[in-house]
Amino acid sequence: MRTVQFPAKFEQLDEIREYVGTIAWQNGFGDKDVYNIQLATDEAASNIIEHAYASEPDGALELTCGMQGDRLVIVLVDHGAPFDPADVPLPDLQADLADRKIGGLGIFLMRKLMDEVHYQSNADMSNVLTMIKRKG
Amino acid sequence: MEITHQEFKHCELIKIKGRVDSATASHLAQTFEKTDKDGKYKLVLDMSELEYMSSAGFRALLAAQRNSKKYNRGEVVLVSVPERIREALELAGFTELFKTFDDPLNAVGYF
């Protein structure tokens, strides 16, 4: 598992997607899985930049990605405000246009696209988001 | 991301190329603010050269659709949505909010 540090800026999302996409591709994930892994990681990173580092323009995002057996493990660590995806209510996908909520969609996608999503806020002021995608 | 416009008699064709994420979605939102200001609410979005779209892009689409459908003054329709993007839109429950077409001419003809 390799760890890379990115500045917590939206402009880094291209590189973040590229990074996880390349590792997923090299480890035999197909087109659809690679796209979905990139999308889930983008949503996770976007949430950290937008919420955890809302009042901190120079935050850093630590990204670890690699295989554990047949599972691709992606770990995102930040040192911003704690933000538990589980606290965000699921969007109502049946709601009609006028009532459709605009937030919560990214977290919903992360949960749908990955096999597992875990979040841990530590006493040392670090927040750890772990996402797992199984092969096949 | 790159956005180009083509004006038709009854609608505006907007082609979105490249990648729409949290960094670029504001550009898309600005495009819709401009069409709103110009009083254009019948919009055809050509996605044939769109490579990627995250929920930040979905939110811009939703806001545009809401604004267009207000007072029955128009609608946003989608053309040639790439498979991966269509799957994500479907997962987000967005496909039922947008009419989709396979061909830009059919979409323009819808208005």
Side-chain angles (χ1 to χ4, degrees), chain A residues 6-18 20-21 24 29-54 61 85 88 90-114, chain B residues 1-2 17-30 32-33 41 43 47 50-78 81-100:
Chain A
F6 293 93
K9 305 236 183 268
F10 289 139
E11 290 69 29
Q12 297 291 317
L13 288 169
D14 249 337
E15 274 190 58
I16 290 170
R17 288 193 301 268
E18 191 67 35
V20 293
F29 283 90
D31 274 352
K32 181 175 175 168
D33 280 340
V34 169
Y35 185 93
N36 290 339
I37 288 162
Q38 288 180 312
L39 180 54
T41 308
D42 173 324
E43 299 293 350
S46 293
N47 271 325
I48 290 170
I49 299 164
E50 193 173 342
H51 299 290
Y53 286 127
L61 204 158
V88 178
L90 288 177
D92 179 3
L93 302 186
Q94 306 305 318
D96 65 17
L97 187 63
D99 298 325
R100 200 62 79 103
K101 295 280 183 299
I102 235 140
L105 203 53
I107 287 158
F108 174 78
L109 287 174
M110 280 157 56
R111 289 188 194 145
K112 281 280 185 187
L113 297 170
M114 303 300 276
Chain B
M1 188 194 46
E2 194 190 319
K17 295 182 191 179
R19 295 182 288 273
V20 181
D21 61 13
S22 299
T24 56
S26 56
H27 182 193
L28 184 59
Q30 280 162 16
F32 294 136
E33 277 165 31
Y41 302 105
L43 308 177
M47 298 189 165
L50 187 62
E51 293 162 32
Y52 175 86
M53 190 179 256
S54 74
S55 69
F58 296 179
R59 281 192 284 272
L61 294 185
L62 181 63
Q65 182 69 299
R66 228 176 238 167
N67 189 46
S68 270
K69 284 199 162 178
K70 216 187 272 177
Y71 318 121
N72 266 335
R73 57 193 176 185
E75 186 175 346
V76 177
V77 302
L78 313 179
V81 186
E83 196 184 355
R84 298 281 96 87
I85 295 166
R86 187 182 48 75
E87 287 164 355
L89 283 168
E90 216 165 277
L91 209 53
F94 270 46
T95 36
E96 64 213 50
L97 302 177
F98 295 88
K99 273 202 175 60
T100 55

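Residue numbers begin at 1 in each chain, while the letters A, B, ... track the order of the sequences. Note that these values count all heavy atoms, side chains included, but never hydrogens, waters or copies made by symmetry.
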Over 12 foreign heavy atoms within 6.0 Å of CD, Glu18(A): no
Shortest non-hydrogen contact from Arg19(B) toward Asp14(A):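 The answer is NE-OD1, 2.8 Å.
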Minimum heavy-atom distance Leu109(A)-Ala88(B), with the two atoms named: CD2-O, 4.1 Å
Nearest 0.5 angstrom please: [X] [atom1] to [Y] [atom2], how far?
X        : Y         : atom1 : atom2 : result
Ser54(B) : Leu105(A) : OG    : CG    : 9.5 Å
Tyr52(B) : Gln38(A)  : OH    : CD    : 7.5 Å
Asp21(B) : Asp42(A)  : CG    : CG    : 5.5 Å

Under 4.5 Å from any heavy atom of chain A, what part of [X] do you find: side chain, backbone, both or neither?
X        : result
Lys69(B) : side chain
Leu61(B) : neither
Leu91(B) : both
Arg84(B) : both

Heavy-atom pairs under 4.5 Å with chain B, option from Glu43(A), Lys9(A), Gln12(A) with the top count: Glu43(A)
Residue pair Ser22(B) / Glu50(A), side-chain donor-acceptor N/O under 3.5 Å: no
Salt bridge flag under 4.0 Å for residues Lys32(A) and Glu83(B): no
